[in-house]
Each structure stands twice: as C-alpha cells, then as structure tokens.
Amino acid sequence: MTQQPIIALMYDFDNTLSTEDMQDYSFIPSLGYTVPEFWKLANDFGRRERMDGILAYMFTMMREAARRGRPLTRRQLTETGRDIKLFPGVEDWFSRINAFGAALGVQVEHYIISSGLKEIIEGHPVSREFKEIFASEFYYDENGVAAWPKLSVYYTSKTQFVYRINKGVLDVSDDKTLNDSMPDDSKRVPFTNMIYIGDGLSDVPCMKMMQSYGGASIAVYKEMTQGVKDLLERGRVDFIYPADYREGSGLDLTMKNILRRMATADALSEENARQKQMIRRSDEVSGQLTLGELLE
C-alpha cells in the first residue's frame with residue numbers, strides 16, 4: 001500500500017493557540033508578581049547581563065521560585081498548564097483538520113515550535129494532539145528540581161526544528177543525522193507540504209522559510225495592529241487572520257484551501273512518477289507491451 005503524503009502543520013504556542021503567554025495564567029501570579037512586573041524583571045535582567053532572552057526568563061523563573069522557598073519542579077510547571085486558555089475553536093481544530101486531510105488522501109501531522117516551556121504545554125490536554133513539541137525545557141536534578149536549561153528555542157533557532165520535521169529527525173540530541181546530506185525525495189515531509197502558523201516577529205524566520213521553499217505561512221492575531229499589517233504588506237507572511245479556529249472562520253477556510261492545493265500537487269507528482277515508472281518498464285520489456293497498455 002502506498003504511503004499517504006504527509007502535510008505538517010507547525011504552530012507557535014503563546015498568543016497563537018493560547019490567548020496569553022503560558023506563564024501568565026497561574027505561574028507568575030503564584031510568585032506574587034503581576035504579569036508586567038515579572039516580564040520587566042526578566043527582560044531587565046537579560047539586558048543587564050547581555051543574556052539570551054529565553055535563558056534570562058528561564059533563570060528568572062528558577063531564581064524567583066527558589067527565593068520563595070518553593071524550588072521550581074516539573075510537576076509544578078505541568079500543573080500550571082491546566083490553566084491555559086485557548087482561542088475559540090482550538091479544542092476541536094485538530095480532529096476537524098485531520099479528517100479533512102484524510103478525505104483528501106493526505107496525513108496531517110501537528111507540531112509545536114515555541115519559545116515557551118514544553119513542561120507547561122504538556123500539562124494541557126491539547127498536548128496530545130502534537131506529534132512532537134519543540135519548546136524550551138529545563139533539566140531536572142535527582143529531586144525533580146529545575147537545575148539547568150535543557151533546551152532554549154529562540155527566534156532563528158526555530159528554523160532548526162523545521163529542518164528536523166522535514167527530515168524526520170525529531171530527536172533534538174541527534175545533530176549528526178540532521179546535518180547528513182539527504183536527497184530531497186527521501187525527506188519525510190517536503191517543505192512544499194509544510195504550513196507554519198504564528199503570531200509575531202519571533203515567527204518571521206520560519207514564515208520566510210516557508211515562502212522561500214514553497215510552503216505556506218499564516219499569522220494570527222487578537223487585535224489588528226500595524227505590526228500585523230506589516231507582516232503581510234512586507235511579504236513576510238502569506239495570510240493574516242484573527243485567531244479564530246472555529247469551523248467556517250477565515251482561518252479555517254483558508255487552511256482547507258491550502259490543504260487542497262498541497263494534496264492536489266502531491267497527487268499530480270505521484271501520477272508523474274507513476275508514468276515515468278511505466279515508461280521505464282516499457283523500455284525494459286522492449287516492445288512486449290505497448291505504452292498505452294502499460295498506462296491503462
């Protein structure tokens with residue numbers, strides 16, 4: 001049986017699927033800070049120490065939790081994931097899109113590529129919808145306490161994970177296979193079968209990558225701003241829509257049109273390959289069958 005073509009949908013998380021940054025719902029309030037106070041503290045610390053912004057907020061989380069006598073643990077972070085609020089329609093988006101893809105003869109896979117925390121995402125039921133979650137993550141000591149950043153996902157580093165999905169190398173510790181040369185026709189998910197959904201400037205490298213390699217990109221927003229308009233007007237993204245994932249929304253309808261286009265392109269490519277194989281077979285049998293008979 002022929003393997004169905006795979007189409008990969010890749011999402012940022014904060015303000016793309018969730019209505020706020022994932023730490024804002026309950027983790028930051030648990031420290032006694034308001035949301036603006038915590039992010040100012042983390043950002044000021046990062047600028048003062050000339051530190052990567054993601055590492056700065058991760059360190060600030062560890063430090064402030066320890067100062068309050070409650071060291072940061074995986075369990076603590078996972079529990080806060082339960083409080084995440086998602087945009088309208090996200091809960092049943094995945095089953096609807098999967099079913100639509102199946103009707104087109106393609107297999108749809110979903111991935112997260114986020115600067116947020118994997119542990120928090122894993123605490124929300126939506127996490128089961130993703131084949132892989134690529135997000136920042138802590139390493140935990142023998143007591144389950146966060147001891148070191150295990151992975152930091154930041155701006156241009158997001159593109160690494162697009163390549164991993166493309167090649168099917170999902171183990172982030174496996175750099176060798178990721179960097180090995182691989183013929184285009186052996187890559188698990190062609191770039192032309194990739195769709196990236198994000199909300200802002202941190203997603204632009206992946207969005208531009210989609211445009212360069214024949215995929216598709218969509219920016220979602222809570223409120224229309226000049227920054228959102230600029231993403232479209234400056235050619236950084238293919239489409240912009242409100243973050244409304246409900247059936248019949250503009251985002252839903254455009255996603256289905258993109259899937260139709262990709263499924264059609266895959267079907268035509270397979271037919272082209274089939275006909276080439278038939279022609280080679282025709283040459284091999286050397287006149288035993290006519291080409292017309294082989295193509296029937």
Side-chain angles (χ1 to χ4, degrees), residues 10-43 45-46 51-68 70-87 90 110-141 143-162 164-165 170-173 196-203 206:
M10 303 167 290
Y11 310 80
D12 181 34
F13 195 88
D14 294 335
N15 300 295
T16 295
L17 297 177
S18 65
T19 59
E20 307 290 342
D21 289 341
M22 63 185 71
Q23 296 89 345
D24 296 0
Y25 297 99
S26 59
F27 176 78
I28 291 174
S30 76
L31 297 177
Y33 287 108
T34 66
V35 169
E37 285 172 344
F38 175 84
W39 290 114
K40 183 177 187 306
L41 183 69
N43 292 335
F45 170 71
M51 184 183 293
D52 174 289
I54 306 304
L55 295 178
Y57 93 64
M58 294 175 75
F59 179 86
T60 303
M61 291 176 70
M62 293 172 60
R63 182 188 66 195
E64 296 305 310
R67 282 178 175 176
R68 282 153 181 76
R70 43 176 302 193
L72 193 63
T73 65
R74 175 184 290 277
R75 180 177 179 180
Q76 177 187 353
L77 290 174
T78 301
E79 287 177 350
T80 67
R82 301 172 187 169
D83 300 318
I84 291 173
K85 302 295 188 296
L86 303 176
F87 283 116
V90 171
H110 305 272
Y111 297 84
I112 290 292
I113 304 178
S114 170
S115 296
L117 288 171
K118 183 175 183 179
E119 297 93 322
I120 296 180
I121 298 171
E122 288 178 336
H124 194 281
V126 78
S127 64
R128 64 175 176 263
E129 304 290 353
F130 305 106
K131 183 172 178 65
E132 190 63 60
I133 297 172
F134 296 113
S136 301
E137 188 176 2
F138 287 105
Y139 166 75
Y140 298 87
D141 65 19
N143 299 313
V145 175
W148 194 261
K150 182 177 177 180
L151 182 65
S152 171
V153 179
Y154 191 74
Y155 289 86
T156 53
S157 75
K158 286 187 171 187
T159 59
Q160 169 199 162
F161 305 104
V162 177
R164 288 189 177 280
I165 295 165
L170 305 185
D171 179 353
V172 296
S173 68
Y196 188 89
I197 306 174
D199 69 281
L201 292 178
S202 68
D203 301 302
C206 289

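Just so you know, residue 1 is the first one in the sequence shown, and it goes up from there. Only heavy atoms go into these numbers, but all of them, side chains included; no hydrogens, no water, no symmetry mates.
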Check the pair Tyr33, Thr60 against side chain to side chain contact (heavy atoms under 4.5 Å, CB included), reporting the backbone distance first and the verdict last.
CA-CA 12 Å; Tyr33 287 108; Thr60 303; over 6 Å; no
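- With rounding to the nearest 0.5 angstrom, the OH atom of Tyr196 is 6.5 Å from the OG1 atom of Thr16.
- Within a 6.0 Å radius of CZ in Arg75, other residues, nucleotides and ligands contribute 12 heavy atoms or fewer.
- In this structure, Arg63 is positioned above the aromatic face of Phe45, its NZ or CZ under 6.0 Å from the six-membered ring centre and within 45° of the axis.
- Qualifying salt bridge (Lys or Arg N to Asp or Glu O under 4.0 Å) partners for Arg67, counting only residues two or more places apart in sequence or in other chains: Glu64.
- No donor-acceptor distance shorter than 3.5 angstrom exists from the side chain of Asn143 to the backbone of Val145, with no hydrogens or angles considered.
- Put simply, the residue from Ile84, Asp83, Thr78, Asp21 that forms a side-chain contact (heavy atoms from CB on, under 4.5 Å) with Ile120 is Ile84.
- In this structure, CD in Glu79 is found 10.5 Å from OG in Ser30, a value given to the nearest 0.5 Å.
- Between Tyr11 and Tyr111, a ring centre-to-centre spacing not shorter than 6.0 Å is recorded.
- For Lys85, the NZ atom sits in a packed shell: over 12 heavy atoms of surrounding residues, nucleotides or ligands are nearer than 6.0 Å.
- Taking CD from Glu132 and CD1 from Ile112, the interatomic distance works out to 11.0 Å, rounded to the nearest 0.5 Å.
- The two residues Gln23 and Trp39 come nearest to each other via the heavy atoms OE1-CZ2, 3.6 Å.
- A distance of 11.0 Å separates CZ of Arg164 from OG1 of Thr159, quoted to the nearest 0.5 Å.
- Checking side-chain atoms of Tyr25 against main-chain N and O of Glu20 turns up a donor-acceptor pair under 3.5 Å.
- Ile113 has its side chain within reach of Val162: a pair of non-hydrogen atoms, C-beta onward, lies under 4.5 Å apart.
- Side-chain atoms of Asp52 and Tyr154 form no donor-acceptor pair, as typed in the model, at a separation below 3.5 Å.
- In this structure, His110 and Lys131 have side chains that are not in contact, with every pair of non-hydrogen atoms separated by 4.5 Å or more.
- For the residue pair Ile121 and Ala135, the shortest heavy atom distance occurs at CD1-CB, 4.2 Å.
- Residues Lys158 and Asp12 are in side-chain contact: their nearest non-hydrogen atoms beyond the backbone lie under 4.5 Å apart.
- Nearest heavy atoms, Ser152 versus Ser157: O-OG, 4.0 Å.
- Across Phe38 and Tyr57, no two heavy atoms sit closer than the pair CZ-O, 4.3 Å.
- Thr19 has its side chain out of reach of Asn15: every pair of non-hydrogen atoms, C-beta onward, lies at least 4.5 Å apart.
- Using a distance-only test at 3.5 Å, with no hydrogens or angles considered, no donor-acceptor pair links the side chain of Arg68 to the main chain of Ala65.
- Nearest heavy atom pair, residue Asp14 against residue Asp199, reads O-OD1, 3.0 Å.
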Does Arg74 form a salt bridge (charged side-chain N to carboxylate O under 4.0 Å, His left out) with Glu122? I'd like the steps, not just the answer.
CA-CA 10 Å; Arg74 175 184 290 277; Glu122 288 178 336; 3.8 Å; yes
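- Side-chain N or O atoms of Asn43 include none that pairs as donor or acceptor with a backbone N or O of Lys40 at under 3.5 Å.
- His124 is linked by a ring pair (Phe, Tyr, Trp, His ring centres under 6.0 Å) to nothing, counting only residues two or more places apart in sequence or in another chain.
- Put simply, the side chain of Tyr155 does not reach to within 4.5 Å of the side chain of Ile54, judged on heavy atoms.
- Here the side chains of Met10 and Phe134 are not in contact, with every heavy-atom distance at 4.5 Å or above.
- The aromatic ring centroids of Tyr140 and Trp148 lie 6.0 Å or more from each other.
- At a threshold of 4.5 Å between non-hydrogen side-chain atoms, the residues Leu117 and Met22 count as touching.
- Side chain of Ser115 to main chain of Val153: a donor-acceptor pair is present (N/O by atom type, distance under 3.5 Å, no hydrogens or angles).
- The heavy-atom pair separating Phe87 from Ser18 by the smallest distance is CE1-O, 3.2 Å.
- A side-chain N or O of Thr34 and one of Glu37 form a donor-acceptor pair less than 3.5 Å apart.
- Note that the OG atom of Ser127 and the CD1 atom of Ile133 stand 5.0 Å from one another [nearest 0.5 Å].
- Distance check, rounded to the nearest 0.5 Å: OG of Ser173 to NZ of Lys150 gives 9.0 Å.
- A 4.5 Å side-chain heavy-atom check between Phe27 and Leu72 finds at least one atom pair inside the cut-off.
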